[in-house]
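Since the structure comes first, as structure tokens, the remarks are kept for the end.
Both ligands and their constituent atoms are indexed starting at 1 by order of listing.
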Amino acid sequence: MNTNTTQQRVLTGDTPTGRLHLGHWVGSLENRLQMQTEYDCFFLIANVQAFTTRADQPTEVHQSVIEIALDYLAAGIDPKKSTIFIQSEIPAIAELTVFFSMLIPYPRVMRNPTIKDEIRDKGLGENYPFGFLLYPISQAADILTFRPALVPVGEDQLPHIELTREVARRFNQMYCHVDPHTEDADYLKQGGLFPILEGKLGRLRRLVGIGGPGPDGNLLKMSKSLNNAIFLSDDPDTIKKKVMAMYTDPSRLKATDKGHIENNPLWIFHETFNKDVAWVAAAKQRYQAGTIGDVECKQRLIEVLVELIEPIRQRRLQYEQDLHYVNAVLRDGTARANEVANHTLQLAKEAMRQRYF
Ligand code: ATP
Ligand code: MG
């Protein structure tokens, strides 16, 4: 376990609504693996957030917490360097959520494009719970509790990061008497408790899914909840079936038709994951000219994805044999996270003049 407190902190996390997929890999995991040597990293499994859409599936959420922990370890997150922990076991986050919810006007919470997209794309209709609207504030608490310098995330999280920055500015102005004209970078120097932190995007801001466009005609993001993901735990056979069935260019009916590259997941995936840049460039031209078939391009993609995913899957199989170890990682990580979280809560209560005893 990392005890180096002089390192800057990183905080990010995942909702246990399934297993991790290629979107997580390019959107955030690659960054986390790089950062874990330089930063004191905290990776949160957001099980309370999973209840915003799955309150009726507690057993699945529990199982998914373990799945995400397995995915982390298999992907190379090292518990000697990084702290992996469970959101609901950190009471300070819940307490700060309540205080933070007083700092942001209700219409501001509703003006969040990611919330609107999720309601539409996940088909939540009008009957989503009140707690669903609260989750961006709860996420601000997840983040600020750890007072990180950086938060590695995919593009869909940027509106939440912006809200987190607003919460931090308001708290610092209201309770730490930081001048509202202060530059974001200077808030801590001016006596603020919470940093005005930055989101750090991965090399791809948003990986599309394999299932084609959503209700608004645009390609949907790859998402655990949308049944359009290739998981880091998929075996070669599953990867093959998924790639063979994936959405490509609907106007191309046979291999001799001229194909489109834009908005075509086949080529987005090759560009993102295929290291053979020369092959990709040549094959793209042939695809547009109608001289290469989808099947050949898909077979190449299957090879590329199996090469990336298979070592991760093999490590995962090992960890699946040792769930006691996984449990110990979560327990120790959660204990360490509580130390940091309780310290922040004390400081926050002091700033808010709400420490009585
Ligand atoms: P859900 O469907 O339940 O919302 P998800 O697949 O969107 O799940 P999250 O747990 O919400 O996954 O996201 C965890 C992190 O991974 C976030 O930082 C998010 O931005 C990033 N991420 C998720 N999907 C993608 C994607 N397709 N491309 C890039 N980043 C992604
Ligand atoms: Mg999501």
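- Relative to atom 7 (O) of ligand 1, the option among K224, R19, K221 with the closest non-hydrogen atom is K221.
- S223 OG, 2.4 Å is the protein heavy atom nearest to atom 2 (O) of ligand 1.
- Protein heavy atom in closest approach to atom 3 (O) of ligand 1: T17 OG1, 2.6 Å.
- In this structure, R252 forms a cation-pi arrangement with Y287, its terminal cationic atom sitting closer than 6.0 Å to the ring centre and no more than 45° off the ring axis.
- You'll find the side chain of L73 stays beyond 4.5 Å of the side chain of R315, heavy atoms only.
- Ranked by closest heavy atom to atom 19 (C) of ligand 1, the top entry among D156, L207, D121, V153 is D156.
- Among protein heavy atoms, the minimum distance from atom 15 (C) of ligand 1 is reached at D14 OD1, 3.7 Å.
- When only non-hydrogen protein atoms are considered, atom 12 (O) of ligand 1 lies nearest to H24 NE2, 2.9 Å.
- At the top of the distance list for atom 11 (O) of ligand 1, counting protein heavy atoms only, stands T15 OG1, 3.4 Å.
- A 4.5 Å side-chain heavy-atom check between F269 and M222 finds at least one atom pair inside the cut-off.
- On a distance-only criterion, T12 and ligand 1 share no N/O pair closer than 3.5 Å.
- Heavy-atom contacts of K122 reach the following atoms of ligand 1: 1 (P), 2 (O), 3 (O), 4 (O) (cutoff under 4.0 Å).
- Both tests do not hold together for R9 against F146: distance to the six-membered ring centre under 6.0 Å, angle to the ring axis within 45°.
- If you check each of S64, G154, P16 against atom 18 (O) of ligand 1, the one with the closest non-hydrogen atom is G154.
- The heavy atom nearest to atom 31 (C) of ligand 1, out of those in G13, S28, G18, G23, is found in G23.
- In the vicinity of R205, heavy-atom distances shorter than 4.0 Å reach the ligand 1 atoms 29 (C).
- For D234 (side chain) and F231 (main-chain N/O), a donor-acceptor pair under 3.5 Å exists by modelled atom type.
- Counting the atoms of ligand 1 from 1 in the order shown, those under 4.0 Å from a heavy atom of R206 are 28 (N), 29 (C).
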